[in-house]
Student: 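Right, I'll just put the structure down here and ask away after.
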Amino acid sequence: MALSPTFSPPVCFKRNATVCPNTPKFHKPTTRTQTQTLSAIPPISTAADLSGVAGSFDGTTLAVIGGGSVAALAAVLSLTDPEKRRQQQAEEVGGGDKEVVKDYFNNSGFQRWKKIYGETDDVNRVQMDIRLGHSKTVENVMKMLTEEGSVEGVTVCDAGCGTGCLSIPLAKQGAIVMASDISAAMVAEAEKQAREELLSWEDNGLPAPVMPKFEVKDLESLDGKYDTVVCLDVLIHYPQNKADSMIAHLASLAEKRVILSFAPKTFYYDLLKRVGELFPGPSKATRAYLHAEADVERALQKVGWRINKRGLITTQFYFARLVEAVPA
């Protein structure tokens with residue numbers, strides 16, 4: 001399967017059935033809507049490095065995909081058992097989803113995603129596209145947080161901070177940030193980058209921003225109270241029943257708003273995600289779970305929150321639904 005070098009990263013925000021404008025704008029919808037794009041592969045590469053997928057397709061699979069037959073592709077996938085591979089992963093690390101995620105992002109996944117989240121040129125075409133998509137998500141979260149005024153002094157919990165892509169820009173704007181990740185390697189890298197970027201302000205004669213507080217914690221272990229809780233691209237690692245409890249816990253930490261991004265679940269995206277599971281590449285990665293927007297909204301409503309803004313960030317290999325919730 002050829003990988004196109006052309007990037008197309010629109011950020012769609014819809015009000016009912018109105019067509020999205022070119023310039024991304026957030027809105028307060030009166031009714032819930034579904035946005036569906038059927039032109040690219042969803043963000044399955046958050047769970048498997050697609051750089052190894054292109055060389056893994058055999059002639060039969062290429063014929064199926066080239067012919068554009070969804071029915072035939074479904075038939076091929078019905079002969080595979082990705083769940084067996086998932087169970088094997090869990091057994092190897094001695095636990096379930098959480099242990100698999102922790103092991104992956106402390107080892108091979110750390111090096112891979114450090115490159116994707118970074119600025120190095122040592123990335124392939126797919127990884128570069130994912131970098132673009134993730135940066136678009138961070139950019140739009142920053143717009144959400146600053147469009148109504150300064151974030152100086154605002155307390156923010158960045159749950160699943162990775163290498164600090166959101167925490168560091170927030171600190172630069174004066175926010176008081178508590179950043180956490182399940183991976184000790186990710187937290188160490190985030191803290192290192194924060195010190196390099198934030199403490200250098202003093203060398204230029206400027207007052208240094210408040211350093212984020214970095215901690216190694218999973219989502220369910222977080223505590224405290226914050227004006228805003230943000231959790232980006234983390235729910236893809238957990239099934240809906242676990243995601244429900246995680247969303248409820250994150251909402252219990254927030255005073256004013258919760259911002260979440262997740263891989264949207266549609267029939268087409270789910271089918272293509274299974275293609276990624278069929279060809280996992282040379283190194284094992286985490287499991288990938290897509291989530292229906294209605295399920296995420298239901299989980300928020302159950303604990304007294306409502307979606308205030310919603311949008312869709314897309315590139316060729318990265319799709320993320322972005323929602324902001326406020327107390328109902």
Side-chain angles (χ1 to χ4, degrees), residues 42-48 81-107 109-110 113 134 137 157-162 178-184 186-187 215-224 226 229-254 258-267 269-270 273-274 276-277 280 284-307 310 319-325:
I44 56 176
S45 29
T46 55
D81 187 11
E83 186 58 33
K84 184 176 181 180
R85 183 173 66 87
R86 292 172 174 173
Q87 292 174 356
Q88 184 178 18
Q89 285 179 277
E91 290 172 1
E92 288 177 357
V93 299
D97 293 284
K98 187 186 299 184
E99 288 72 22
V100 170
V101 172
K102 183 177 180 179
D103 179 75
Y104 173 68
F105 283 103
N106 273 323
N107 294 288
F110 168 67
W113 288 94
H134 184 262
T137 298
C157 172
D158 183 7
C161 66
M178 197 290 285
S180 65
D181 200 282
I182 195 172
S183 164
M186 284 289 187
V187 169
E215 294 184 324
V216 180
K217 284 188 175 183
D218 60 65
L219 296 188
E220 295 163 308
S221 301
L222 296 175
D223 54 14
Y226 309 90
V229 173
V230 183
C231 183
L232 303 182
D233 297 348
V234 173
L235 296 179
I236 192 171
H237 302 299
Y238 301 98
Q240 189 62 49
N241 62 331
K242 291 185 179 179
D244 287 350
S245 62
M246 290 176 175
I247 291 170
H249 182 63
L250 292 173
S252 73
L253 307 177
V258 174
I259 297 176
L260 305 172
S261 74
F262 54 93
K265 181 180 179 65
T266 69
F267 172 77
Y269 294 172
D270 190 49
K273 179 185 78 72
R274 293 190 63 192
E277 292 176 330
K284 294 181 179 180
T286 68
R287 316 174 195 188
Y289 298 95
L290 309 184
H291 298 284
E293 184 179 351
D295 291 336
V296 173
E297 187 163 18
R298 190 177 303 112
L300 287 163
Q301 290 174 341
K302 188 175 180 180
V303 291
W305 290 69
R306 63 178 177 84
I307 292 181
R310 65 185 85 220
F319 278 55
R321 174 65 72 186
L322 181 63
V323 299
E324 177 192 81

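Keep in mind the model is a prediction, meaning the values are calculated, not measured. Sequence positions, counted from 1, serve as the residue numbers for this chain.
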Student: With a 4.5 Å limit on heavy-atom distance, are the side chains of K242 and K98 in contact?
Tutor: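 A side-chain contact under 4.5 Å is absent here.
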
Student: Could you tell me which non-hydrogen atom of L222 sits nearest to which non-hydrogen atom of A159, and how far apart they are?
Tutor: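 Answer, listing the atom of L222 first, then A159: CD1-CB, 3.6 Å.
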
Student: How long is the span from the CG atom in D223 to the CE atom in M178, to the nearest 0.5 Å?
Tutor: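 One finds 7.0 Å between CG of D223 and CE of M178.
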
Student: Could you walk me through whether H237 and F105 satisfy the side chain to side chain contact (heavy atoms under 4.5 Å, CB included) test, starting with their C-alpha distance in whole Å, then the side-chain angles of each, then the deciding distance to 0.1 Å, before giving a yes or no?
Tutor: CA-CA 11 Å; H237 302 299; F105 283 103; 3.6 Å; yes

Student: Enter the distance from D295:CG to K265:NZ here, rounded to the nearest 0.5 Å.
Tutor: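 That separation rounds to 9.0 Å.
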
Student: Taking salt bridge (Lys or Arg N to Asp or Glu O under 4.0 Å) as the definition, give me every residue that meets it alongside D244, ordered by chain and number, with sequence neighbours left out.
Tutor: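 Applying salt bridge (Lys or Arg N to Asp or Glu O under 4.0 Å) to D244 gives none.
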
Student: Between P239 and D97, is there a side-chain heavy-atom distance shorter than 4.5 Å?
Tutor: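 Heavy-atom side-chain distance check passes, below 4.5 Å.
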
Student: Quick one: pull up CD in E220 and CD1 in I182 and give me the separation to the nearest 0.5 Å.
Tutor: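 E220 atom CD to I182 atom CD1 measures 9.0 Å (nearest 0.5 Å).
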
Student: Kindly compute the distance separating CG (N241) from CE (M246), expressed to the nearest 0.5 Å.
Tutor: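 Between atom CG of N241 and atom CE of M246 there are 9.5 Å.
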
Student: Could you give the distance from CG (D218) to OG (S183), rounded to the nearest 0.5 Å?
Tutor: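 Separation between the atoms: 12.5 Å.
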
Student: Can you sort out the partners of H291 under side-chain contact (heavy atoms from CB on, under 4.5 Å), two or more places apart, ordered by chain and number?
Tutor: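 Checked H291 against side-chain contact (heavy atoms from CB on, under 4.5 Å); matches are L235, Q240, A243, F262, Y289, V296.
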
Student: Of all the heavy-atom pairs spanning A320 and T137, show the shortest one and how long it is.
Tutor: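 For A320 versus T137, the nearest heavy atoms are CB-OG1, 4.3 Å.
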
Student: Mind checking the CG-OH spacing from L250 to Y226? Nearest 0.5 Å is all I need.
Tutor: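 It comes to 11.0 Å.
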
Student: Of the non-hydrogen atoms in V229 and A254, which two are nearest, and what is the gap between them?
Tutor: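 Here V229 and A254 meet closest at CG2-CB, 3.7 Å.
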
Student: I want to check something: taking the side chain as every heavy atom from C-beta on, are H249 and L219 in contact at a cut-off of under 4.5 Å?
Tutor: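 They are not in side-chain contact.
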
Student: Keeping S261 on the side-chain end and D233 on the backbone end, is there a donor-acceptor pair under 3.5 Å?
Tutor: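 Such a contact is found between S261 side chain and D233 backbone.
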
Student: What verdict does the side chain to side chain contact (heavy atoms under 4.5 Å, CB included) test give for L322 and L232, after you've listed the backbone C-alpha separation in whole Å, the side-chain angles of each residue and the deciding distance to 0.1 Å?
Tutor: CA-CA 8 Å; L322 181 63; L232 303 182; 4.3 Å; yes

Student: Looking at residues at least two apart in the chain, or sitting in another chain, which of them share a side-chain contact (heavy atoms from CB on, under 4.5 Å) with A184?
Tutor: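 Result, side-chain contact (heavy atoms from CB on, under 4.5 Å) vs A184: N106, V216.
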
